[in-house]
Peer 1: 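Provided herewith is a single structure, encoded as structure tokens, for subsequent inquiry.
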Amino acid sequence: MPIKHRLLALLVAVLWGVNFLAIHASLEHYPPFFLVALRWTLVAIPTLFFIPRPQVPVRYLVGYGLGFGLLQFLFLYWGMAEGMPPGLASLVLQSSAPFTVILAVLFTGERLGKTRIIGVILAAVGLMVVGSQRAGVDELWPFALVVLGGLGWALGNLASRAAKPENPLHLALWMTVVPPIPMLLVAIKWEGLERIGQSLMTSLDAPWAVTGLLYTCVLGTVVGSGIWTWLLSRHPASAVAPFSMMVPVFGLSAAALVLGERINSIEFAGCVLVLIGVVVASRMVSAGKPSTVAAASTAA
């Protein structure tokens, strides 16, 4: 990859890392389930009018939308609303990589070599180390929710891979059509129309929340995914995907700078293990064939 393309990949990692701060800002005002519905609605509406629908089986489009768009962000936003720090959330969400590898073995028959087994084990141990520092119910619950978000991302990865779209960006944008209605129903059921309406009516009183929402929709989703897809169309996934491992680095750094978020030495060791495990688990299966994780890497 030429240096300009490497810098673009690094820019995407920065955009996606900072995106966790944007989500945190939005959650300070909007209820989490409604925020997921609102986020995807704002992207889905222009998508329906201006982006051609990808020529893929509907079941894979829906599966991608339910896994990546609905389950991942339902649990991520819920976990962060319950107290999961944004920087640490950016790291724990990387649990999607080992989950993707395991699900690919179970449901697609993909071979799991020794190297990838080691990667999955390292990532799992790292997550357990981080989780051990959140043994209290108040801290363990948000941690578990974000891990479930990683599982949702992994399910979306399998659907995206099976779809084999000619234009991955069109699939990524059309995926946003799936979550709004079911998420709105969930929000109405659990958060109530009064709370939802109040958050909308007072949006002008929460400029940082609105800014965070717009950042997530425009920079995090459209710009970030657009650049990422463009890079994947011009270079092997194995050359581009490793840059996604920088997302939690920037996420943790941004949270430390802006919010003063700190992790202890044991959590730091767990973070390092997770990142190493994800890198190892995401290596190519065989010469010239990128792994499921590498081919489907994206972020919040």
Side-chain angles (χ1 to χ4, degrees), residues 16-17 19-28 30-41 43 62-103 123-124 126-128 130-131 134 136-160 172 175-176 178-191 196 212-213 216-217 220-221 244 247-248 251-252 255 270-271 274 278 293 296-300:
W16 284 344
N19 195 38
F20 286 87
L21 286 183
I23 294 171
H24 173 77
S26 298
L27 287 169
E28 292 286 294
Y30 298 102
F33 299 156
F34 176 65
L35 183 59
V36 176
L38 185 58
R39 165 187 179 162
W40 292 132
T41 298
V43 181
V62 173
Y64 186 32
L66 291 177
F68 180 86
L70 191 149
L71 292 177
Q72 176 186 188
F73 290 98
L74 183 155
F75 288 117
L76 173 63
Y77 281 37
W78 188 4
M80 291 180 66
E82 291 288 321
M84 187 67 172
L88 202 55
S90 70
L91 182 281
V92 174
L93 197 62
Q94 296 299 317
S95 60
S96 63
F99 276 137
T100 301
V101 172
I102 293 170
L103 291 175
L127 286 171
M128 286 189 288
V130 174
R134 307 192 155 261
V137 174
D138 291 342
E139 292 183 310
L140 185 58
W141 175 239
F143 172 83
L145 288 173
V146 177
V147 171
L148 287 174
L151 177 59
W153 181 356
L155 291 169
N157 280 347
L158 293 190
S160 174
M175 171 279 301
T176 66
V178 178
I181 292 178
M183 279 308 310
L184 183 59
L185 294 175
V186 170
I188 292 172
K189 171 66 175 178
W190 295 104
E191 295 166 344
I196 292 170
L213 176 60
T216 297
C217 294
T221 302
S244 69
V247 171
L252 286 163
C271 291
V274 171
V278 168
V293 181
S297 289
T298 184

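We count residues from 1, following the sequence as given. Only heavy atoms go into these numbers, but all of them, side chains included; no hydrogens, no water, no symmetry mates. Note that the structure is a prediction, hence the values are computed from the model and not measured.
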Peer 1: Report the distance from atom CG of Leu184 to atom CD1 of Ile196, rounding to the nearest 0.5 Å.
Peer 2: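 Separation between the atoms: 6.0 Å.
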Peer 1: Indicate the atoms forming the closest heavy-atom contact of Pro179 with Gly65, along with that distance.
Peer 2: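 That would be CG-O, 3.8 Å.
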Peer 1: Can you tell me how the ring of Phe68 sits relative to the ring of Trp153, calling it parallel under 30°, perpendicular over 60° and tilted otherwise?
Peer 2: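 Perpendicular: the ring planes of Phe68 and Trp153 meet at over 60°.
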Peer 1: Has the side chain of Ser160 got a donor or acceptor atom that lies under 3.5 Å from a matching backbone atom of Gly156?
Peer 2: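 Not confirmed, Ser160 side chain does not pair with Gly156 backbone.
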Peer 1: Shortest non-hydrogen contact from Val274 to Gly126?
Peer 2: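 Closest pair (atom of Val274, atom of Gly126, distance): CG2-C, 3.5 Å.
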Peer 1: Between Val36 and Leu70, does the side-chain contact (heavy atoms from CB on, under 4.5 Å) criterion hold? Intermediate values first, please.
Peer 2: CA-CA 8 Å; Val36 176; Leu70 191 149; over 6 Å; no
Peer 1: Nearest 0.5 angstrom please: Asn157 CG to Thr100 OG1, how far?
Peer 2: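 Atom-to-atom, Asn157:CG and Thr100:OG1 are 4.0 Å apart.
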Peer 1: For Ala172, does its backbone N or O pair with a side-chain atom of Thr176 as donor and acceptor, under 3.5 Å?
Peer 2: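 It does not hold such a pair.
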Peer 1: Would a 4.5 Å heavy-atom cut-off, applied to side chains only, mark Ser95 and Leu151 as touching?
Peer 2: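 Sidechains of Leu151 and Ser95: no contact.
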Peer 1: Counting only heavy atoms not in Leu185 (residues, nucleotides, ligands), do more than 12 fall under 6.0 Å from its CG?
Peer 2: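 Result for CG/Leu185: enclosed.
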Peer 1: Glu191 side chain to Phe33 main-chain N or O, any donor-acceptor pair under 3.5 Å?
Peer 2: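 Such a contact is found between Glu191 side chain and Phe33 backbone.
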Peer 1: Can you check whether Thr216's main-chain N or O pairs, donor with acceptor, with Thr221's side chain at less than 3.5 Å?
Peer 2: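 Yes; judged by distance alone, with no hydrogens or angles, the pair exists.
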Peer 1: Locate the shortest heavy-atom distance separating Pro180 from Ala37; write the atom from each residue and the value.
Peer 2: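 Result for this residue pair: O-CB, 3.8 Å.
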Peer 1: Would you mind writing out the side-chain donor-acceptor pairs for residues 74-93 within the sub-3.5 Å range, not counting sequence neighbours?
Peer 2:
unit_1 : atom_1 : unit_2 : atom_2 : d
Tyr77  : OH     : Arg39  : NH1    : 2.9
Ser90  : OG     : Gly87  : O      : 2.5

Peer 1: Please evaluate residues Phe20 and Val247 with respect to the criterion side-chain contact (heavy atoms from CB on, under 4.5 Å), reporting the C-alpha separation (whole Å), side-chain torsions for both, the decisive distance (0.1 Å), and the verdict.
Peer 2: CA-CA 10 Å; Phe20 286 87; Val247 171; 4.2 Å; yes
Peer 1: Looking at every heavy atom in both Leu103 and Ala154, which two are closest together, and how far apart are they?
Peer 2: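 Answer, listing the atom of Leu103 first, then Ala154: CD1-CB, 3.8 Å.
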Peer 1: Measure the spacing between OG1 of Thr41 and CZ of Phe34 and express it to the nearest 0.5 Å.
Peer 2: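 One finds 7.5 Å between OG1 of Thr41 and CZ of Phe34.
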Peer 1: Once rounded to the nearest 0.5 Å, what's the spacing between atom CG of Leu66 and atom CD of Gln72?
Peer 2: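 Between Leu66 CG and Gln72 CD, I get 13.0 Å after rounding to 0.5 Å.
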Peer 1: Can you name the closest pair of heavy atoms from Leu213 and Ser26 and give their distance?
Peer 2: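 Residues Leu213 and Ser26, closest heavy atoms: N-OG, 3.0 Å.
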